[in-house]
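Structure first, commentary second.
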2 protein chains.
Amino acid sequence: MNLPASIRAADRIYDRVKAMACTYRLSPGGRVNEVELARQLGVSRTPLREALNRLASEGFLVPTMNKGYHVRALDPAEVLALYEFRAAIEVGGVQLACERATDAELDGLEAFALASRDAPDEDAQALRLLELDEQFHERLAGLSGNDEFVRAVCATNERIRFVRWIDMKDRRAGTQNEHLAIVRHLRQRDAAMAGTLIRQHISRRLDQITEVIRIGYGEIYTGNALAAHVLDGAA
Amino acid sequence: MNLPASIRAADRIYDRVKAMACTYRLSPGGRVNEVELARQLGVSRTPLREALNRLASEGFLVPTMNKGYHVRALDPAEVLALYEFRAAIEVGGVQLACERATDAELDGLEAFALASRDAPDEDAQALRLLELDEQFHERLAGLSGNDEFVRAVCATNERIRFVRWIDMKDRRAGTQNEHLAIVRHLRQRDAAMAGTLIRQHISRRLDQITEVIRIGYGEIYTGNALAAHVLDGAA
DNA sequence: GACGGCAATAGTGTATACAGTTATTCTGTA
DNA sequence: TACAGAATAACTGTATACACTATTGCCGTC
């Protein structure tokens, strides 16, 4: 009854290509060359196309008739839409969590937020902060007791990961304290306030997204400042 | 036999297989036999696998290591979760619509709801009602001005279509009047009330889902009572 | 008859070949 | 030189072949 580690080539490269799309090592707007990419990844086109397919239906790639796939461009309007969508999901999830989460679960989440806030300095890199932030939100969504919320949160997190990573760079503090505030209102079973807080928490930097994306494009085109590998396994 | 003449085979059969999964012509829980299904659809396994892949990442199928895909079973808990999720999305979308929709757009939606309510009798089949219902909700989501909401609403609609179809059979009236009430509160820019109404509208029959699913299983296993083709192009 | 191992079968996952479509280069003409 | 159009190359979409895994049926042992 042992579950062998996933040996499917399609699964392996799915993660790699997704990482490449998230970090924009595949240049945004550019066309994906299947033969070239397959060669680069050391597999044939068949499993690669499987991965591209899944990525397209998740919104990372855009299929074009008889011209394969294009990497979705870094579009401010779209990122904004994703932030809005994420806010709606998380507010909804928090309402359910407020009804359903046990005190023990909330204790666990509070401990996580506390530990994240007091993490040692060497962990205070933008990447590490982003990772902790994503984990908090995913765990929070999990307290809704509804996996659809978790899946939706994870999916949107992946699509805005790059932007949030850029954003994290000059947003050192505050995040974890806001997380703590949310958990504490949940423990008081104050759904309305928790919902308001998480909405603010997500919307706070919404007006700066366009600027962040401008910076992001700079990072992309100034070469390896992106440190291509760093975002690969963030979640 | 390689004829990508007009459109991609993968796209064609994607819709067909999705319909088969939605209507449970592919028996829920059962394993999908690729060679058999490909033969049945008149294509090779390659485009079929592409379709199966997309359906898996959309939640219609469940991939299993070295055993292909299984049709997702009709699980009450999961349908419940989808209803909850849908409620959260639509409530969020309505808040945005309340801020952004023009009076003209709301007029249009109201006209649609009115026309739906007063549709001629021969249109009052469960399928037709479901179709109108889905369209209303998708148009409503569209007024949020955020395509992510639309996509999410459409996606969840597809996954609960079968259950709602069963449910529609003894829920003739009321739906359209509730739709009208929602639009009218939107026109008064009363986001709170519109949100409450749509949440109620969606949650109303939540407690009967288990029963509905039981009936659904009956329909599935009593053969063509399902009228397999009817749900195919509902949206 | 029950059970365990082994052969045979069926089925998935991957690679490769091929056909049709799009992009590019080359060539001739004005 | 500029440009149109054909020839060529590059690439995608599909079919097929093959390798490896899981399942099934069979046989012998207990």
Side-chain angles (χ1 to χ4, degrees), chain A residues 1-21 25-73, chain B residues 1-21 25-73:
Chain A
M1 193 70 100
N2 60 348
L3 303 181
S6 173
I7 54 162
R8 286 182 21 139
D11 293 334
R12 281 201 325 272
I13 65 173
Y14 164 78
D15 290 324
R16 291 187 60 186
V17 178
K18 181 160 72 177
M20 293 170 81
R25 255 177 301 168
L26 264 43
S27 44
R31 181 170 172 176
V32 177
N33 186 328
E34 294 178 7
V35 291
E36 171 63 18
L37 189 53
R39 196 188 51 73
Q40 192 176 324
L41 295 171
V43 295
S44 81
R45 282 176 58 218
T46 306
L48 172 60
R49 278 177 64 90
E50 186 167 327
L52 295 178
N53 237 309
R54 287 159 66 182
L55 292 171
S57 75
E58 289 165 16
F60 293 103
L61 303 176
V62 182
T64 324
M65 176 56 60
N66 284 329
K67 284 192 273 188
Y69 299 92
H70 287 255
V71 180
R72 176 147 288 189
Chain B
M1 278 279 202
N2 299 353
L3 53 143
S6 51
I7 55 168
R8 300 193 344 146
D11 293 333
R12 283 202 324 271
I13 65 173
Y14 164 78
D15 290 324
R16 290 188 60 185
V17 178
K18 182 160 72 178
M20 293 171 81
R25 254 175 302 167
L26 265 42
S27 42
R31 181 170 173 176
V32 176
N33 186 328
E34 295 179 4
V35 290
E36 171 63 18
L37 189 54
R39 194 188 53 73
Q40 193 176 323
L41 295 171
V43 296
S44 81
R45 282 177 58 219
T46 307
L48 172 60
R49 278 177 66 89
E50 186 166 325
L52 296 179
N53 237 311
R54 287 159 67 183
L55 292 172
S57 75
E58 289 165 17
F60 293 103
L61 302 176
V62 181
T64 325
M65 176 57 54
N66 284 329
K67 283 191 278 186
Y69 299 91
H70 286 254
V71 180
R72 176 146 288 185

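What you see is a predicted model, and the numbers here were worked out from it, not measured in a lab. Computation of the quantities below employed the complete heavy-atom set of this structure, encompassing side-chain atoms and omitting hydrogens, waters and symmetry-equivalent molecules. Chain naming here is simple, since letters A, B, ... match the order of the sequence lines and numbering starts at 1 in each.
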Rounded distance [0.5 Å steps], CG in A/Asn53 versus OH in A/Tyr14
11.5 Å
Rounded to whole Å, how long is the line connecting atom [atom1] of [X] with atom [atom2] of [N]?
{"X": "A/Asn33", "N": "D/dA10", "atom1": "CG", "atom2": "C1'", "value": "8 Å"}
{"X": "B/Met65", "N": "D/dT21", "atom1": "CE", "atom2": "C1'", "value": "11 Å"}
{"X": "B/Glu50", "N": "D/dG13", "atom1": "CD", "atom2": "P", "value": "7 Å"}
{"X": "A/Arg8", "N": "D/dT21", "atom1": "CZ", "atom2": "C1'", "value": "13 Å"}
{"X": "A/Asn53", "N": "C/dG13", "atom1": "CG", "atom2": "P", "value": "14 Å"}
{"X": "A/Leu37", "N": "C/dA15", "atom1": "CG", "atom2": "C1'", "value": "16 Å"}
{"X": "A/Asp11", "N": "C/dG13", "atom1": "CG", "atom2": "C1'", "value": "11 Å"}
{"X": "A/Leu41", "N": "C/dT14", "atom1": "CG", "atom2": "P", "value": "13 Å"}

Do [X] and [Y] have side-chain heavy atoms sitting under 4.5 Å apart?
{"X": "B/Leu61", "Y": "B/Arg72", "value": "no"}
{"X": "B/Val35", "Y": "B/Leu37", "value": "no"}
{"X": "A/Leu41", "Y": "A/Arg12", "value": "no"}

Quick one: do B/Asp11 and B/Arg54 make a salt bridge, cutoff under 4.0 Å?
yes
Can you see if the side chain of B/Ser44 gets near the phosphate of D/dA15 - specifically, an N or O under 4.0 Å from OP1 or OP2?
yes
Any side-chain N or O of B/Lys67 under 4.0 Å from OP1/OP2 of D/dT23?
yes
For the side chain of B/Glu34, starting at C-beta, report the closest nucleotide among D/dT16, C/dT22, C/dG13.
C/dG13
Among D/dT14, D/dC11, C/dG13, the one nearest any side-chain atom of B/Pro47 is D/dT14
Any donor-acceptor pair under 3.5 Å joining the side chain of B/Arg45 to the base of C/dG11?
no
Starting at the 5' end of DNA chain C and moving along, which residue's nearest nucleotide shows up first, B/Val35 or B/Thr46?
B/Val35
Return whichever of A/Arg31 or B/Val43 has its heavy-atom-nearest nucleotide of DNA chain D closer to the 5' end.
A/Arg31
